[in-house]
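Because only heavy atoms are used, hydrogens play no part in the values below, and waters and symmetry mates are left out as well, while side chains stay in. On a predicted model such as this, the values are computed, not experimentally measured, just so you know.
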2 protein chains.
Amino acid sequence: MDNQSAPEIGGRELLSDRIRDALTDAIASGDLAAGTALDEQHLAERYGASRTPVREALRQLATAGLVEIRPRRGVVVARLTPERIADMFEVTAEIEALCARLATHRMTPLERGRLMDLHEASAAAVETGDLDAYDRLNRAFHEALYAGTHNAFMAEQALALRERLAAFRRTQLRHGDRIRRSREEHGEILAAVAEGDGEAAARRMRAHMLRAAAALGRYIAETGAG
Amino acid sequence: MDNQSAPEIGGRELLSDRIRDALTDAIASGDLAAGTALDEQHLAERYGASRTPVREALRQLATAGLVEIRPRRGVVVARLTPERIADMFEVTAEIEALCARLATHRMTPLERGRLMDLHEASAAAVETGDLDAYDRLNRAFHEALYAGTHNAFMAEQALALRERLAAFRRTQLRHGDRIRRSREEHGEILAAVAEGDGEAAARRMRAHMLRAAAALGRYIAETGAG
DNA sequence: GTCGGCCGTTCCGTATACAGATTGGTCGAA
DNA sequence: TTCGACCAATCTGTATACGGAACGGCCGAC
């Protein structure tokens, strides 16, 4: 086994969380192929820890759907086929569309104003090509819509789903003029929200997410990851 | 139930899962009030186990949203206010509506036939007043729609959400003629599915779920649980 | 009298130890 | 040769031990 990917998990946060993140990356990047059996002891010595935090990390990954735990029979990496990833993105698109529709009808003027501010601020990031800045504003835009549903549980679910797909979306914006297109689509969504047309906001958000997923899908197809 | 002193949890499955179930019941039933601090050692001796399975159970409850874990600061029972439960039911209603819409467009004739069979079979359960039988068929009806989306991830999410609310829905069907009404609503949903009108199916499913939630909400308000 | 720092206790996060279950292989019998 | 049972190795599930961080109380200073 080629240990090219050094564990290298230094930091101050919880050890189990660091192991979880490391394993998440390893699975999302394809270093750990689908169906691979994960031995707790082996992982423990690989990451320089004991079995206890490794177990906690694996449990978290199981609830995230990245691994599968058969009681007393070990842990295996879940089969993240292109179809499954596509399924996940479809669910995300629908959830985001749902949030957009609800938020359109429920946001306060103050919240709508903040959404517009975020959109305005993102213009500069697009012009300067600041990917990290746009990523933050992009995230803030979507999270503002989550919060705009005035349904805390909905917002949590949407955010959790977004986090879950973050590993696969990492390189999405790096391609072509996806950033500019992304912001344009945000503008169209925002217009529908401003007009109070929830259905249109939902449709445009769904299309927005599916286009982003398609861009990522092409990337995955090229690299053969998964 | 005499859960006054020692909740005896006997069985052959995993100890951590049994503790998780016991804690889930305790929280859903209100035995553990919102905001209660949960001490691992105390829970361990209470359930006659060590801290390890207790920890695993608490982690599972955290991902289920029933408790909140602050690193190095302990675990507290999440605040399941009526508002929060209402939020959860709204999300469930929207997800179910989404599944109904997608399933309408994607189910095969065979799957549609099975859905109709399930609906037909439930008639007998309604007539005889067999609550358990109707509960199974009701569950099967909804799960058939999940599967009908042909999106495995969507089906898993919907099922997980349903499981998560099961603790609060336990007594829902026991009230009045909710069973008969429930089956009638299923019939209306089924009609929309058969006609291929996904939007109507979604609307009717949303209304169906919200009516069930309202019935439960009245029950909760009466008993003061939560 | 009130505020701030010090210290002890408690509890969490992690490490290690032990027991039961599962899996794979090997040996023997038909 | 093939099938079945037994056995050993290994890994998971659980228990226990240890170190450090956080919270509460006490004492001293202003």
Side-chain angles (χ1 to χ4, degrees), chain A residues 1 3 6-24 26-27 32-79, chain B residues 6-24 26-27 32-79:
Chain A
M1 55 207 84
N3 295 20
E8 191 182 334
I9 36 179
R12 276 289 154 207
E13 52 186 16
L14 255 47
L15 184 54
S16 56
D17 286 353
R18 280 183 278 153
I19 295 175
R20 165 176 54 81
D21 292 340
L23 285 173
T24 299
I27 293 173
L32 288 174
T36 303
L38 297 178
D39 177 23
E40 293 179 1
Q41 294 188 128
H42 185 244
L43 290 176
E45 59 192 41
R46 176 181 172 83
Y47 289 114
S50 74
R51 280 179 54 217
T52 308
V54 169
R55 276 178 69 83
E56 301 230 337
L58 289 175
R59 300 304 168 132
Q60 293 185 54
L61 293 179
T63 62
L66 289 179
V67 303
E68 188 180 350
I69 297 182
R70 289 95 41 93
R72 299 178 201 280
R73 293 187 56 194
V75 179
V76 296
V77 178
R79 307 209 164 273
Chain B
E8 50 202 73
I9 36 182
R12 285 306 294 155
E13 51 185 18
L14 255 46
L15 185 55
S16 55
D17 287 353
R18 279 183 279 154
I19 295 174
R20 165 176 55 81
D21 292 341
L23 285 174
T24 299
I27 294 173
L32 288 175
T36 303
L38 297 177
D39 177 23
E40 293 180 359
Q41 292 186 131
H42 185 245
L43 289 176
E45 60 192 41
R46 176 180 171 83
Y47 289 115
S50 74
R51 278 180 54 217
T52 308
V54 170
R55 277 179 66 82
E56 302 228 338
L58 289 176
R59 299 306 167 129
Q60 293 184 55
L61 293 179
T63 62
L66 289 178
V67 302
E68 189 180 349
I69 298 181
R70 287 96 42 93
R72 299 179 201 281
R73 293 188 57 194
V75 179
V76 296
V77 178
R79 307 208 165 272

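Taking atom CG of residue A/L43 and atom C1' of nucleotide C/dT14, one finds them 17 Å apart after rounding to whole Å. Whole-Å rounding puts the B/Q41 CD to D/dT14 C1' distance at 16 Å. Atom CG in B/L14 sits roughly 16 Å away from atom P in C/dG20 (whole-Å rounding). Distance A/I19 CD1 to C/dT14 C1': 10 Å, rounded to the nearest Å. In this structure, B/E40 atom CD and D/dT16 atom P are separated by 15 Å, rounded to whole Å. Note: CG (A/D39) to P (C/dT23) measures 15 Å, nearest angstrom. Atom CZ of B/R51 is separated from atom P of C/dG13 by 8 Å (rounded to the nearest Å). In this structure, CG of B/L15 is placed 11 Å from C1' of D/dA15, rounded to the nearest angstrom.
Proximity of A/S16 to the phosphate of C/dT14: a side-chain N or O atom is located under 4.0 Å from OP1 or OP2. Side-chain N/O atoms of B/S50 include one lying less than 4.0 angstrom from OP1 or OP2 on D/dA15. Dashed line: the shortest gap from a side-chain N or O of A/R59 to OP1 or OP2 of D/dG13 is under 4.0 Å. Look at B/R73 and you won't find any side-chain N or O under 4.0 angstrom from OP1 or OP2 of D/dA21. A close approach under 4.0 Å does not occur between any side-chain nitrogen or oxygen of B/R72 and OP1 or OP2 of C/dC11.
The side-chain contact (heavy atoms from CB on, under 4.5 Å) test with A/V67 singles out one residue from A/L32, A/I27, A/T24, A/V76, and that residue is A/I27.
Counting non-hydrogen atoms under 4.0 angstrom, B/L38 reaches the backbone sugars and phosphates but no base. Counting non-hydrogen atoms under 4.0 angstrom, A/L58 reaches nothing in the nucleic acid.
With contacts defined as side-chain heavy-atom distances shorter than 4.5 Å, the pair A/L58/A/L43 qualifies.
Taking CD1 from B/I19 and CZ from B/R46, the interatomic distance works out to 11.5 Å, rounded to the nearest 0.5 Å. To the nearest 0.5 Å, the span separating CG on A/D21 from CG on A/L61 amounts to 9.0 Å.
Map B/T52 and A/G74 each onto its nearest nucleotide of DNA chain D; the residue landing nearer the 5' end is A/G74. Toward the 5′ end of DNA chain C lies the nearest nucleotide of A/A49, the other residue of the pair A/A49 and A/P71 mapping further downstream.
Contact detail for B/R51 and B/A44: the closest heavy-atom pair is N-CB, 3.9 Å.
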